[in-house]
Amino acid sequence: MPVDLDAVIALVARLQREPAHQIGFHGETEDEVAEELAELAPDWAGNAVVAVDGNGRVRGVLSVEVEGRRAYLYGPFVDVPANHPAAGHVWQATADAMLTHALGLPRLSGVRSLDLFGHRGNRLLADFAARHDAPVRMTTRCFTLTAAPLRSLLVRGPGQDDRATLLPADPAVRDAVAALHDRCFPDAPTTGADLVTGERHTVVVLLGERGLLGYAAGYTQAEEYYVDVVGVDEDARSCGVGRTVVRRLLAELAARGGVRDRAAAMIRDGNEASERMFTKLGFAARAELVNYQADLTAPTMHRPAV
């Protein structure tokens, strides 16, 4: 299956440009998709199922990322001609077949829940989720900052708070970040301990006289800086702490990862405080995404396509 990788990347990037097929876990260019698939551990080929036609051409793919007892579906992606007389049925039947094979992958042994994440306009995914008893868990909106406004934010101006620093080695500070993260995001796939010990995230903190005021964590992707999480202590909210750590985080990502023309963040629907914070920094809402979650321990999870 590794020989299919180039074909898969091309297929996913093409479908990602259309809201009707867009999956939230992927970017929209071949470079972004290639980078995301390369990060699936231990390797993409061991975490994916592909569908091919009678000529051996790749027509569908479903990749899986497993974290503990939770799995994230990167897809399903199915390439069906728009003029096909039974396009919807073919899409759903192919997606069902790929899911059946994916659930048999050794990596999914012991997994108890599946997460699907796609554009609000991806009705195929919504129908697929409904048939597999995966109700909506939450909706989020993607906020982005691009071009000149992003470059302006990266330039440190006079009077800008410079107390935010990279996460220090001090165990007390790391423990405080981990504890705050777990309080703010109890259901996050990355735990507080993983956040402060892992290598993927760049973490910045803002310390005050009484200790940790807040933190921000993110990483650089092929074509953007991604602000993954921002946590502010309950007693320090509405004081600009979030904006301060996000500015410093973006500056650190730029210094470490080089120039990008876009920064992005996902904000859960209803989190008005985060929306106000990112809006004040110049971010604007770009797309609405829906997270579906299936409980694999439920007695009936699947209804076949009709």
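For the single chain, residues carry numbers from 1 onward in sequence order.
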Query raised in the report: Could Glu32 and Arg262 be called an ion pair, given the rule that one side-chain N must be under 4.0 Å from one carboxylate O?
Result: yes

**Report entry** Sub-4.5 Å side-chain heavy-atom contact between Val290 and Met138
**Finding:** no

Query raised in the report: Can you check whether Gln16's main-chain N or O pairs, donor with acceptor, with Gln22's side chain at less than 3.5 Å?
Result: yes

Report task. Apply side-chain hydrogen bond (donor to acceptor under 3.5 Å, both in side chains) to the pair Tyr74 and Glu65, showing each step before the final yes or no. Result -> CA-CA 8 Å; Tyr74 287 53; Glu65 182 174 19; 2.5 Å; yes

Query raised in the report: Centres of the Tyr72 and Phe25 rings: under 6.0 Å?
Result: yes

Query raised in the report: Just checking, is any N or O donor in the side chain of Tyr215 or His181 under 3.5 Å from an acceptor N or O on the other one?
Result: yes

Requested in this report: Return yes if some donor-acceptor pair links the side-chain N/O of Arg237 with the main-chain N/O of Val232 below 3.5 Å, else return no.
Outcome: yes

Query raised in the report: Okay, side chain of Arg248, backbone of Val204: is any donor-acceptor separation there less than 3.5 Å?
Result: no

Query raised in the report: Is it true that Asp295 and Arg112 make a salt bridge, defined as a side-chain N closer than 4.0 Å to a carboxylate O?
Result: no

Query raised in the report: Counting N and O atoms only, with roles assigned by atom type, does the side chain of Glu35 sit under 3.5 Å from a partner on the main chain of Asp31, one being a donor and the other an acceptor?
Result: no

Query raised in the report: Looking at His21 versus Phe77, is the centre-to-centre ring distance below 6.0 Å?
Result: no

Query raised in the report: Short question: side chain of Thr279, backbone of Glu275 - any donor-acceptor pair under 3.5 Å?
Result: yes

Query - Asp233 bridged to Arg183 by N-O distance under 4.0 Å - result: yes

Query raised in the report: Taking Asn291 for the side chain and Thr139 for the main chain, is one N or O donor matched with an acceptor at less than 3.5 Å?
Result: no

Query raised in the report: Charged N to carboxylate O under 4.0 angstrom, Arg200 versus Asp194?
Result: no

**Report entry** Main-chain N/O of Arg57 paired to Asn55 side chain as donor or acceptor, under 3.5 Å
**Finding:** no

Query raised in the report: Mind checking whether Tyr292 and His132 have ring centres under 6.0 Å apart?
Result: no

Query raised in the report: When rounded to the nearest 0.5 angstrom, what distance separates CG in Asn122 from CZ in Phe128?
Result: 11.0 Å

**Report entry** Donor-acceptor contact below 3.5 Å, side chain His119 vs main chain Gly121
**Finding:** yes

Report task. Report yes or no: does Glu224 contribute a side-chain atom to a donor-acceptor pair with the main-chain N or O of Gln221 at less than 3.5 Å? Result -> no

Report task. Could you tell me whether the side chain of Arg268 and the main chain of Thr140 form a donor-acceptor pair under 3.5 Å? Result -> no

Query raised in the report: Do the ring centers of Phe283 and Phe143 come within less than 6.0 Å of each other?
Result: no

Query - Nearest atoms (heavy-atom pairs only) where Thr29 meets Ala13 - result: C-CB, 3.9 Å

